[in-house]
Chemist: 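One structure, pasted below without further comment.
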Amino acid sequence: MSETSRLDDSFHVFDTTLRDGAQREGINLTVADKLAIARHLDDFGVGFIEGGWPGANPRDTEFFARAKDEIDFRNARLVAFGATRRAGAKAAEDPQVKALLESGAEVITLVAKSHDRHVELALRTTLEENLEMVRDTVSHLSAQGRRVFVDCEHFFDGYRANPEYAKAVVRAAAEAGADVVVLCDTNGGMLPAQVQAVVATVLADTGARLGIHAQDDTGCAVANTLAAVDAGATHVQCTANGYGERVGNANLFPVVAALELKYGKQVLPEGRLREMTRISHAIAEVVNLTPSTHQPYVGLSAFAHKAGLHASAIKVDPDLYQHIDPERVGNTMRMLVSDMAGRASIELKGKELGIDLGGDRELVGRVVERVKERELKGYTYEAADASFELLLRAEVQGRPLKYFDVESWRAIVEDRPDGSHANEATVKLWAKGERIVATAEGNGPVNALDRALRVALEKIYPQLGSLELVDYKVRILEGRHGTSSTTRVLISTSDGKGEWSTVGVADNVIAASWQALEDAYTYGLLRAAVDPAA
């Protein structure tokens, strides 16, 4: 276990994605998932990773056993989670306390009741016995050479009901040897000013080292965490991407970014903040949840600019409409092209795509008008960068980028007497002077068209063999003439190295899909650096 890159002990970033984050609805982590996430978190540079509750379930027990052998932690310390001993027992004889020691974790977090009603109704014991449970368990684990943190469950609600007892639990933990006593907003109902006031008072009255664990039920978990830091807390508990029970926990990434970029605290090893966007998305992939595009700092849209006024200012100085340089957190600025676009948006987007518009005001004005005209018909270029690039190149070159010319296409859906369906498509096109006719079947008319187009083009362009349609979205736009409507289709395509999106708009879903498919294959050939004149 390497110690070289660990920071000092003055401030803790404590991640509980593997335990508290895993309680989110829709997340079901295997042991392999937990090991993968632990590696990502260690790579990011958090100080502590809470791995779960060994002894409570076989999965967590196996995780701790495998983590010792399979992960060489460079930055983080692995933490086992458990509870104080049972009422009326001894910590040295409690099976779940023994399991915590057997996990091999050098740090143990104990959850303790700090709300008097929970002690009496949930634990069904006396207030004094609960304090003794805290003292006995903490002192026993400390005597065994373990570093102990204590999570005071429901602390803020308990403090509101009986502040003296809540503080007595904090004192009991600290005096028994707990390194940090964590004040937990378990129900997530607190607001920043309330958190700051309570933490400041508890710190002054107990002298204990305090931490904060905030749930996000009021949408204030990140703000509450930072308010606790303002009041003197030096230990923050968070989860990656805010995963957690109900609406989630304090999100690790905006908390860390605020501490480093706004507070000036170095809470990660040097250079690791630049890995934040990558780590956020990697963990989202492991838990099989789509990354939030609007998440602060790391979301795809976190530094995306759409309005023409913003773009004009950004062209002068990007900092005018961005609170930080996105590269500091591993993200990038993006220019969105829409019917709100002005000249500056188009110029900046062209620069982003590597297309030199040469200061040609007439050309830029033409592109602006073209975009607005097409968006009025239902196209959306902010969600289809590839289609916009093809449009832009067509205006720059004075002609569309063409690798093939379509003579005709046809899709047939056949309903059979036995209730089954058949979908067949035929595509006729010209490519490199050759007329090609291809027919294919699919599990729907669009899939059949996609296959027929692929069959036709792969004969001439084998580079298309790696293309895969990865997403398909249809939206029916509001009709303007009676019952008529317009259909918009967005298609995402991958070549194994990256993804791009294309758009098609027509009065029926098949025609709109065909437009998006044509753009998708054309852009795929452009990415493959195929010369259209060859």
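It should be emphasised that the depicted structure is a prediction, and the values quoted were computed from it without experimental measurement.
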Chemist: Could Glu62 and Arg59 be called an ion pair, given the rule that one side-chain N must be under 4.0 Å from one carboxylate O?
Modeler: no
Chemist: Which residues satisfy the side-chain hydrogen bond (donor to acceptor under 3.5 Å, both in side chains) test with Ser280, sequence neighbours excluded?
Modeler: Asn241
Chemist: Applying side-chain contact (heavy atoms from CB on, under 4.5 Å) to Asn288 and Asn28, what does each step give before you reach the verdict?
Modeler: CA-CA 9 Å; Asn288 198 29; Asn28 295 286; over 6 Å; no
Chemist: Is the terminal nitrogen or CZ of Arg19 (NZ for Lys, CZ for Arg) located under 6.0 angstrom from the six-membered ring centre of Phe81 and within 45° of that ring's axis?
Modeler: yes
Chemist: Any side-chain heavy-atom pair from Thr234 and Arg209 closer than 4.5 angstrom?
Modeler: yes
Chemist: Would you name the heavy atoms of Ala112 and Thr84 that are closest together and state the gap between them?
Modeler: CB-CG2, 4.0 Å
Chemist: With distance as the sole test, does Asp94 use its side chain to make a donor-acceptor pair with the main-chain N or O of Arg86 at under 3.5 Å?
Modeler: yes
Chemist: So, the side chain of Lys34 versus the backbone of Leu29: is there a donor-acceptor pair under 3.5 Å, distance only?
Modeler: no
Chemist: Tell me whether Asn331 contacts the main-chain N or O of Thr277 through its side chain, where contact means a donor paired with an acceptor under 3.5 Å.
Modeler: no
Chemist: Does a salt bridge link Asp9 with Arg147, judged by any charged N lying under 4.0 Å from a carboxylate O?
Modeler: yes
Chemist: Taking Glu153's backbone N and O only, do any of them form a donor-acceptor pair with Ser114's side chain (distance below 3.5 Å, no angle check)?
Modeler: yes
Chemist: Which pairs, with at least one residue in residues 35-46 and sequence neighbours excluded, count as a side chain to side chain donor-acceptor pair (under 3.5 Å)?
Modeler: Asp43-Arg74, Asp43-Arg272, Asp43-Arg278
Chemist: Pairs of donor and acceptor atoms involving the side chains of residues 120-127, under 3.5 Å and at least two apart or interchain, shall be tabulated with distances.
Modeler:
unit_1, atom_1, unit_2, atom_2, d
Thr126, OG1, Glu129, N, 3.0

Chemist: Are the side chains of Lys265 and Phe11 in contact, using a 4.5 Å heavy-atom criterion?
Modeler: yes
Chemist: Is there a salt bridge (Lys or Arg N to Asp or Glu O under 4.0 Å) between Arg135 and Glu128? Walk through the geometry before answering.
Modeler: CA-CA 11 Å; Arg135 295 187 193 102; Glu128 183 53 43; 3.3 Å; yes
Chemist: How long is the span from the CD1 atom in Ile37 to the OH atom in Tyr243, to the nearest 0.5 Å?
Modeler: 8.0 Å
Chemist: Looking at Thr218, Asn224, Leu183, Asp217, which one forms a side-chain contact (heavy atoms from CB on, under 4.5 Å) with Met190?
Modeler: Asn224
Chemist: Test salt bridge (Lys or Arg N to Asp or Glu O under 4.0 Å) on Asp136 and Arg85 and set out the steps.
Modeler: CA-CA 8 Å; Asp136 184 23; Arg85 66 155 172 84; 2.7 Å; yes
Chemist: Using a 3.5 Å distance criterion without hydrogens, assess whether the side chain of Asp230 forms a donor-acceptor pair with backbone atoms of Gln196.
Modeler: no
Chemist: Between Ile27 and Gly21, what is the shortest heavy-atom contact and its length?
Modeler: CD1-O, 3.8 Å
Chemist: Quick one, Glu102 and Leu100 - any side-chain contact, counting heavy atoms below 4.5 Å?
Modeler: no
Chemist: When you look at CZ of Arg117, are more than 12 heavy atoms from neighbouring residues, nucleotides or ligands closer to it than 6.0 Å?
Modeler: no
Chemist: According to side-chain hydrogen bond (donor to acceptor under 3.5 Å, both in side chains), who are the partners of Ser103, at least two apart in sequence or on a separate chain?
Modeler: none
Chemist: Determine whether a donor-acceptor pair (N or O, by modelled atom type, separation under 3.5 Å) exists between the side chain of Thr17 and the backbone of Ala240.
Modeler: yes
Chemist: Is there side-chain contact between Asp157 and Arg160, with heavy atoms separated by less than 4.5 Å?
Modeler: yes
Chemist: Is the side chain of His294 donor-acceptor paired with the backbone N or O of Leu300 at a distance under 3.5 Å, no angle test?
Modeler: no
Chemist: So Glu93 and His140, do their side chains get closer than 4.5 Å, heavy atoms only?
Modeler: no
Chemist: Which atom pair, heavy atoms only, marks the closest approach of Arg454 to Leu464?
Modeler: NH1-O, 3.2 Å
Chemist: Say whether Ser492 and Ser501, considering side chains only, have a donor N or O and an acceptor N or O under 3.5 Å apart.
Modeler: yes
Chemist: Tell me, yes or no, whether the heavy-atom count around Lys90 atom NZ, taken from other residues, nucleotides or ligands under 6.0 Å, exceeds 12.
Modeler: no
Chemist: For His12, which residues count as a ring pair (Phe, Tyr, Trp, His ring centres under 6.0 Å) partner, sequence neighbours excluded?
Modeler: Phe48, Phe149, His235
Chemist: Atom CG of Leu469 and atom CG of Asp471: how far apart are they, to the nearest 0.5 Å?
Modeler: 8.0 Å
Chemist: Whether the side chain of Asn130 engages the backbone of Met133 through a donor-acceptor N/O pair (distance < 3.5 Å, no angle test) should be reported.
Modeler: no
Chemist: Is the side chain of Arg146 donor-acceptor paired with the backbone N or O of Leu101 at a distance under 3.5 Å, no angle test?
Modeler: yes
Chemist: So Val169 and Lys113, side-chain contact (heavy atoms from CB on, under 4.5 Å) or not? Walk me through it.
Modeler: CA-CA 8 Å; Val169 176; Lys113 297 293 185 185; over 6 Å; no
Chemist: Passes side-chain contact (heavy atoms from CB on, under 4.5 Å), Ile324 versus Val329? Steps please.
Modeler: CA-CA 9 Å; Ile324 64 163; Val329 293; 4.0 Å; yes
Chemist: Less than 4.5 Å apart, any side-chain heavy atom of Val97 and any of Leu110?
Modeler: no
Chemist: Tell me which pairs pass ring-ring contact (aromatic ring centres under 6.0 Å, His included) where either residue lies in residues 171-201, with sequence neighbours left out.
Modeler: none
Chemist: Do Gln215 and Asn187 pair up side chain to side chain, a donor and an acceptor below 3.5 Å, judged on atom types alone?
Modeler: no
Chemist: Any side-chain donor paired with an acceptor under 3.5 Å for Asp151 and Gln237?
Modeler: yes
Chemist: Taking all non-hydrogen atoms of both residues into account, name the closest pair between Ala208 and Val170 and its distance.
Modeler: CB-CG1, 3.8 Å
Chemist: State, without any angle test, whether Asp20 and His213 hold a side-chain donor-acceptor pair at a distance under 3.5 Å.
Modeler: yes
Chemist: What's the shortest heavy-atom distance between Val470 and Ser494, and which atoms?
Modeler: CG1-CB, 3.9 Å
Chemist: With a 4.5 Å limit on heavy-atom distance, are the side chains of Val79 and Ile49 in contact?
Modeler: no
Chemist: Is the backbone of Thr30 close enough, under 3.5 Å, to the side chain of Asp33 for a donor and an acceptor to pair up by distance?
Modeler: yes
Chemist: Are Phe155 and His118, when compared by the centres of their aromatic rings, separated by less than 6.0 Å?
Modeler: no
Chemist: Going through the checks in order, is the side-chain contact (heavy atoms from CB on, under 4.5 Å) test met by Val229 and Tyr263?
Modeler: CA-CA 10 Å; Val229 172; Tyr263 283 60; 4.1 Å; yes
Chemist: Any non-hydrogen side-chain atom of Val182 less than 4.5 Å from a side-chain atom of Val150?
Modeler: no
Chemist: Count the heavy atoms of every other residue, nucleotide or ligand shown that sit under 6.0 Å from CG of Asn57, and state whether that count exceeds 12.
Modeler: yes
Chemist: I'd like to know if Glu70 and Arg66 make a salt bridge, using a cut-off of under 4.0 Å between side-chain N and carboxylate O.
Modeler: yes
Chemist: Looking only at non-hydrogen atoms, find the nearest pair between Ala99 and Gly55 and report the distance.
Modeler: CB-CA, 3.9 Å
Chemist: Picking from Ile491, Thr493, Asp385, what satisfies side-chain contact (heavy atoms from CB on, under 4.5 Å) with Trp500?
Modeler: Thr493
